[in-house]
Number of protein chains: 2
Amino acid sequence: MTLRDKATILDIAREAGVSKSTVSLVLQGSGLIRPDTAAKVRKAIADTGYVYNRGAANLRKAQSNVIGMVIHDLTNPFYAELAVGMERAFQSAGVVPFIANTAENPIRQDQVLKSMLEQGAAGLIIAPTRNTQPEALRRIEQAGVPVITIMRRLPESRLPVVAPDNVRGGALAAEHLIGKGHRRLAFLGGHADLSVYQERLQGFRDTCLRLGIPEGDITIIEGETNRMGGMACLNAAVERPDHPTAALCFNDAVAFGVMIALRKRGLEPARDFAVVGFDDVVEAQHYIPALTSISVDTASLGERAAHTVLKMMQTRTTRAEDQIGSVTLIVRDSCGPNRAMGDVK
Amino acid sequence: MTLRDKATILDIAREAGVSKSTVSLVLQGSGLIRPDTAAKVRKAIADTGYVYNRGAANLRKAQSNVIGMVIHDLTNPFYAELAVGMERAFQSAGVVPFIANTAENPIRQDQVLKSMLEQGAAGLIIAPTRNTQPEALRRIEQAGVPVITIMRRLPESRLPVVAPDNVRGGALAAEHLIGKGHRRLAFLGGHADLSVYQERLQGFRDTCLRLGIPEGDITIIEGETNRMGGMACLNAAVERPDHPTAALCFNDAVAFGVMIALRKRGLEPARDFAVVGFDDVVEAQHYIPALTSISVDTASLGERAAHTVLKMMQTRTTRAEDQIGSVTLIVRDSCGPNRAMGDVK
DNA sequence: TTGAACAATTGGAACGTTCCTATTATAGAC
DNA sequence: GTCTATAATAGGAACGTTCCAATTGTTCAA
């Protein structure tokens, strides 16, 4: 038994004195095999250090158990949480999913997707990068691989989406801030080409208008979806005349940035400026002040996504309903009442 | 051309009026093929929506381009940064690595590793969970797959390691704190069974002793390696008589927890208690106060790890030198001078 | 005109599984 | 004892690719 070249099912068969078919049957846990025969085989497997060649099996079976999760930014804690949530759900269904990061780069995303397909992925969950071209996913759809998007909806494509109720989240935030007496409000961070952005802003804006805030008192500033972006947005916001006293931030990362920038200017979050985040990452509750945020229930979002592709895989379909997860406002310490009531206007 | 069952190399061959060998040659970019023939083939590929079956290829070639990165906690920003750093390095070498999370669970790690092997991984980078049993990696080694560990060194195993110079990091922190006049010091968080812990503590402790701090004035408290753990450690620390006035924390997450716990007690980080972190995650510079930390140069650590396995793969060896990355102390705002000089003792 | 050298292309076997269709062993019924 | 039904096991073809050896086409020197 030379150590270097790996053992195959035939080596096991010889070792155990049975046929390769028997070994194969044992491997897939068939009940047809007599227990003592199975035991012999299993012993041979253990002795040999045999490792199952899933590639060969897939070749024959024409269906793999590889599932890919393609994420646009794993260094964003929200997406990291989301990814491990999905992973957990998959794992308890007996499949080991693979994660790949695309670093918000469509080219890289193409490569990653191509690689996943070539690897024979049986299902795909994609949190797409900005500027994802519809035809990037065409190949996958036409290969008949079940694929869904998560969080971000693709402009042209009719792929199933799993996402939180962004519109409602925006609305909840607006109600909260207005309830605290704020009248000049801002929506900070994010890019207008993102579906998530459009939805969150829409809920926020519509609710502001409905509750009597004039259009002109709603400040909207786009920016990067991270801390840096938040800092830039806040700086831009407070330099405007009649600047806002409260903001809903595109996501928690932006919100942290906003709070940092406030402190850098000698302003205290909550007391001098109310800030609401979105996503409710674990960090939010530990920050000082603890961040009021829209919780999207990350874990159940991930679970839903996982179960959806799992079901698509087993029913061999490529269509599924969109799933919109409910959101809740988690009130913490980052929003004080409006102190600048009579200050201007 | 039925749309559902996928095209193979033979379909392409027929479509383009050449042999399968020719198609194969084109696919691997051989220069042997006449340009116009290659063009015909490529057109057929584009028309058909053909997707390369890497499983079948690997079966024949007995060497894949799959590389796995198995990480014990992707929700820890440091490891997320590390993972995407490695990914970047691999990607620019033309391979798409797959990431899997083990959630600090040895059982899950076993499953993941098994799956990676079955998938035919050509190389593996592992940031192992606590309590990884040596035999968990035995199978992999004996399969002849190049594998290295990153950050954590495995107790029994002689696998190559890529890690920062933890001992030196601990020493730098001790020097810094003692230089600020602190005399009662603590090392907070982490588990004693982790090699990283042992090394960081050793550097810290040895330097304290060398600089004249008596053994009894060094407080060591183990704890979880996250924010929660940091909070618990700080609380335990300050409740001791003659409690420390400064601490090196096992990592940045612990440090953040320590600072949060300080504030909860009405103490101000830096002014009332000096804290140094370890790893220097991006968050460190944005925190208030900005965290003084030992930078391990995450990006280059990831790059080294990637290049090491890449080289092991191409030289078909399973051995490599350990690599110890240099560390630097990044001084920010979280360490004030010792104000409690004459206070006790 | 022939042959040699080289360029371009082809056919077949092999890789490690699964699955279908035998085949053999075992038991029970007559 | 033979037959039938069933339980276990075995053999071979097939999956989609690569690679070797073989074949054909082309050019050029003699």
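Here is the naming used below: chain letters follow the sequence lines, and residue numbers restart at 1 for every chain.
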Between side-chain atoms of residues 37-47 of chain A and protein atoms elsewhere (two or more places apart, or another chain), which donor-acceptor pairs fall under 3.5 Å?
residue, atom, partner, partner atom, Å
K43(A), NZ, D47(A), OD2, 2.7

Using a cut-off of 4.0 Å between protein heavy atoms and nucleotide atoms, how would you tag nucleotides 6-18 of chain D 5' to 3' with B, S and -? --SSBBBBBBBBB
Check whether S30(B) reaches the backbone of V26(B) with its side chain - one donor and one acceptor, N or O, closer than 3.5 Å. no
Taking all heavy atoms of M69(B) and all of A83(B), pick out the closest pair and write down the distance. CE-O, 3.5 Å
Is there a side-chain contact between L10(A) and V23(A), using heavy atoms and a 4.5 Å cut-off? no
Pairs flagged by ring-ring contact (aromatic ring centres under 6.0 Å, His included) wherever residues 90-119 of chain B is involved - sequence neighbours left out: F98(A)-F98(B)
